[in-house]
Amino acid sequence: MRKKIVAGNWKMNTNLQEGIELAKAVAAKSVETPENVGLIVAAPFTHLCAVAEAVKGSKVEVSAQNCADHEKGAYTGEVSVGMLTSVGCQWTILGHSERRQYYGETDEKLVEKVKLALGAGLGVILCVGENLDEREAGKHFEVVTSQIENVLFQFTAEDMAKIVVAYEPVWAIGTGKTATAEQAEEIHACIRKVLAGKFGETVAEDTTILYGGSCKPSNAKELFAQKDIDGGLIGGAALKADDFIAIAQSY
Ligand code: PGA
């Protein structure tokens, strides 16, 4: 049975004190969520050490939002996977559309990052998704399939045990527009099929595929009821502990 996960992507929000408060509130309320639903908070780099401490003893796991594409050395401003694990971080999000769009993240770079993250023992939440033009041109299946092929096909079936896929239609992120449950489900089913073609049915069935893009307490239930949607990557609604927990309770 694949794992259900609700992950909060705080993006560039909260100062340290606010982040600790939020992490503590999520940890305290995590006992009110179904046992089979994993909770992850992806905090800014500066908060990770303190957030890991704040959620200690709860089921909440800690994620970064990115990592460097080199192991160490003269890469000013970058944060390595070794730095992440050393502060108690267990996951990293990679390939978020905001990184692809604003920071030139390419599939080639992502392969290096996923390699380093897995090598360090981090779990990876790999984001894929089409933008509005691609959706309107009817290219969404093609775009998502090629992102999966370019990155995940460089890895093994064994590696897939540590990789979660997040489908995030770029046009639905932070816009208040949500993909309909049907639109999301058809892409999730497509992703699972692509994974099955490369890694076999068992790996595909065991891979957690999250939906991201204006997921909130009011629409989570309908989205999570879909056969191939295994939880959510939550942006805006993850900044309020009550909303984040309510989303996890939608299962
Ligand atoms: P949103 O962000 O929930 O604010 O749309 C989702 C994400 O980018 O992870």
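As the structure lists them, so they are numbered: ligands from 1, and atoms in each ligand from 1. Worth saying up front: this structure is predicted, and the values here are computed from it rather than measured.
- Within the structure, the closest approach of G212 to ligand 1 does not fall below 4.0 Å when heavy atoms are considered.
- Between Q65 and A42, the closest heavy-atom pair is NE2-O, 3.1 Å.
- Shortest contact from atom 3 (O) of ligand 1 to any protein heavy atom: G235 N, 2.9 Å.
- In this structure, V55 and A27 approach most closely via the heavy-atom pair CA-CB, 4.0 Å.
- Set against the non-hydrogen atoms of A172, the atoms of ligand 1 under 4.0 Å away are 5 (O).
- Looking only at protein heavy atoms, the nearest one to atom 7 (C) of ligand 1 is E168 OE2, 3.2 Å.
- Crowding of E18 atom CD: a count of heavy atoms from other residues, nucleotides or ligands under 6.0 Å exceeding 12.
- With ligand atoms numbered from 1 in the order given, ligand 1 contributes 1 (P), 4 (O), 5 (O) to contacts under 4.0 Å with heavy atoms of G174.
- When every heavy atom of N36 is checked against every heavy atom of K3, the shortest pair comes out as O-NZ, 4.4 Å.
- Those atoms of ligand 1 that come under 4.0 Å of a heavy atom in G236, given as number and element, are 1 (P), 3 (O), 4 (O).
- For the pair K56 and E53, the salt-bridge criterion is met [side-chain N within less than 4.0 Å of a carboxylate O].
- Within the 4.0 Å heavy-atom shell around ligand 1 one finds S214.
- Assignment of A238 to the shell around ligand 1 is not supported, since no heavy atom sits closer than 4.0 Å.
- Contacts between I173 and ligand 1, counted as non-hydrogen atom pairs separated by less than 4.0 Å, involve both the backbone and the side chain.
- Between the CG atom in D228 and the OG1 atom in T208 there is a gap of 11.5 Å [rounded to 0.5 Å].
- For E205, the CD atom sits in a packed shell: over 12 heavy atoms of surrounding residues, nucleotides or ligands are nearer than 6.0 Å.
- By the 4.0 Å heavy-atom criterion, K216 is excluded from the residues contacting ligand 1.
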